[in-house]
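A quick write-up on the structure given underneath.
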There are 2 protein chains.
Amino acid sequence: MYKTGDAGAGWREARRQSARAAIVDAAWAAVREEGLAALSLRNLARRAGITTPTVYAYFASKNDIYDAMFGQAAEEFSAHMAAPYDAGDPREVLTASARRFVEFCTSDLPRYQLLFQRTVPGFEPSAESFAPSVRALAGTRQRLADNGITDARCLDVWTALLAGLVGQQISNDPGGDRWVMLIDDIVSMFLAYCQPPRRAPRRPSRTPSRKQGAQP
Amino acid sequence: MYKTGDAGAGWREARRQSARAAIVDAAWAAVREEGLAALSLRNLARRAGITTPTVYAYFASKNDIYDAMFGQAAEEFSAHMAAPYDAGDPREVLTASARRFVEFCTSDLPRYQLLFQRTVPGFEPSAESFAPSVRALAGTRQRLADNGITDARCLDVWTALLAGLVGQQISNDPGGDRWVMLIDDIVSMFLAYCQPPRRAPRRPSRTPSRKQGAQP
DNA sequence: GTCTATATCCAGATAGAC
DNA sequence: GTCTATCTGGATATAGAC
């Protein structure tokens with residue numbers, strides 16, 4: 001998006017990025033008070049201590065601001081999910097990742113709406129801003145694989161489970177933990193159904209031609 | 001909301017309700033083309049063949065129109081879910097209800113958003129408009145009870161499952177069936193985890209007070 | 001009840017001086 | 001880059017004639 005080849009004037013570019021960041025911060029503050037779709041450039045500019053036209057010196061349009069917000073949120077999401085898990089057991093890691101996901105979504109409603117619901121009228125994130133989300137999904141895939149689950153359908157079931165958990169929590173018990181406290185149960189339910197049967201220790205047992213057995 | 005005691009002028013009230021219905025129909029047509037939050041009274045009036053001020057002869061405000069839409073959608077939802085199930089097996093009924101729910105949600109996006117997401121800025125449905133949804137939830141509770149499931153936590157798991165299914169289907173594969181086709185698996189997974197162990201057949205075992213027939 | 005006309009407000013975006 | 005001033009357009013809602 002921004003030129004990096006202009007070696008001599010790097011500091012200028014840095015200042016510009018800093019100003020952009022300040023505007024995006026003001027935008028987040030605005031949507032947290034007024035709602036995601038209610039973002040107005042006037043309000044945003046007032047919060048940032050500048051005037052409306054100045055915003056256009058840094059962003060081409062309102063949707064361009066949404067895109068910057070989306071990119072930042074996606075980066076946060078990726079980092080939040082990819083941070084080291086201290087648990088060693090793959091199942092505990094999976095459970096912890098579910099907790100992290102729910103915590104991430106419920107802790108910042110406009111961020112959740114921007115990232116996961118498509119509630120802003122004419123806005124579509126650019127591929128660039130979307131990239132971190134793709135990385136995060138790859139992490140999910142890996143954590144499932146670590147539990148012996150590689151079937152694409154099981155991945156879809158898993159994402160549906162988490163999406164539903166978050167959606168219900170936010171819609172029907174905002175600020176509470178009515179669905180959050182179901183995480184352990186839901187992981188158990190999911191693994192009981194999707195995880196290939198454990199091999200009995202010390203017994204090779206050679207279950208043949210389980211097509212599902214392609215898992216590492 | 002509307003008076004029914006005025007016996008002599010019932011036809012007048014009927015005409016009024018008919019005119020209201022026409023406006024609400026035009027509103028649905030509008031939101032299906034422009035999006036739920038983008039509903040404008042100008043557009044709505046033009047579609048209904050009237051002018052903007054005339055709308056205010058039938059509705060007190062824009063949110064009043066949303067409320068009428070919500071009430072109608074909730075009525076449709078309740079009727080859709082409560083219609084007779086030809087399957088006799090409680091499990092098949094439960095599965096069919098899940099299909100109906102997903103079909104209802106995915107077949108009309110603005111209706112889904114209005115009913116289940118709270119995406120319209122200042123709008124909250126009135127208790128009156130909300131009532132049919134409560135009835136529908138009672139039906140869900142009954143169908144789960146018919147499968148031996150009465151635990152409140154299991155009900156929450158069930159609603160989360162369906163909500164997630166619908167959400168993922170709409171967000172990530174609109175118009176497709178990537179998550180829809182997981183319904184059978186999800187019911188199996190859910191029942192395997194939440195349903196109490198089956199009693200052996202041919203043993204009367206006297207399960208008392210089956211109340212399945214309560215649905216109209 | 002329905003219209004024309006209008007009030008009031010706010011939106012996103014731009015022109016041009018400095 | 002930042003401002004003042006303004007353009008253009010659309011929103012909800014109301015006044016008042018008929």
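Below, chain A is the first sequence line, B the second, and so on; all start at residue 1.
- The local environment of CZ in A:Arg118 is crowded, with over 12 non-hydrogen atoms from other residues, nucleotides or ligands closer than 6.0 Å.
- Side-chain nitrogen and oxygen atoms of B:Thr51 include at least one within less than 4.0 Å of the OP1 or OP2 phosphate oxygen of C:dC3.
- Between the C1' atom of C:dG12 and the CG atom of A:Leu44 lies a distance of 12 Å, rounded to the nearest Å.
- Within 4.0 Å of A:Arg15, counting heavy atoms only, lies no atom of the nucleic acid at all.
- Picking from C:dC3, D:dA13, D:dG1 the nucleotide with the shortest atom distance to the side chain of B:Ser61 gives D:dA13.
- B:Thr95 places a side-chain N or O within donor-acceptor distance of the main-chain N or O of B:Arg91, the cut-off being under 3.5 Å.
- For B:Ile50, the side-chain atoms get nearest to C:dC3 when compared with the rest of D:dC3, C:dC3, C:dG1.
- Nucleotide D:dG1 holds its P atom 9 Å from the CD atom of A:Glu13, rounded to whole Å.
- If you take NZ of B:Lys62 and P of D:dT14, they are 15 Å apart, rounded to a whole angstrom.
- Residue pairs meeting the side chain to side chain donor-acceptor pair (under 3.5 Å) criterion with at least one member in residues 53-62 of chain B, sequence neighbours excluded, are B:Thr51-B:Thr54.
- Distances from the side chain of A:Pro53 to the nucleotides D:dC3, C:dC3, D:dA13 place D:dC3 closest.
- A heavy atom closer than 4.0 Å to some atom of DNA chain D occurs in B:Leu39, B:Ser40, B:Leu41, B:Arg42, these being the qualifying members of residues 28-43 of chain B.
- For A:Phe116 and A:Phe77, the ring centers are positioned less than 6.0 Å apart.
- Between B:Phe104 and B:His80, the angle of the ring planes lies from 30° to 60°, which puts this pair in the tilted group.
- For A:Ala57, whose side chain is taken as the heavy atoms from C-beta onward, the closest listed nucleotide among D:dG1, C:dG1, C:dA13 is D:dG1.
- Between the side chain of B:Gln169 and the main chain of B:Arg178, a donor-acceptor pair closer than 3.5 Å is present.
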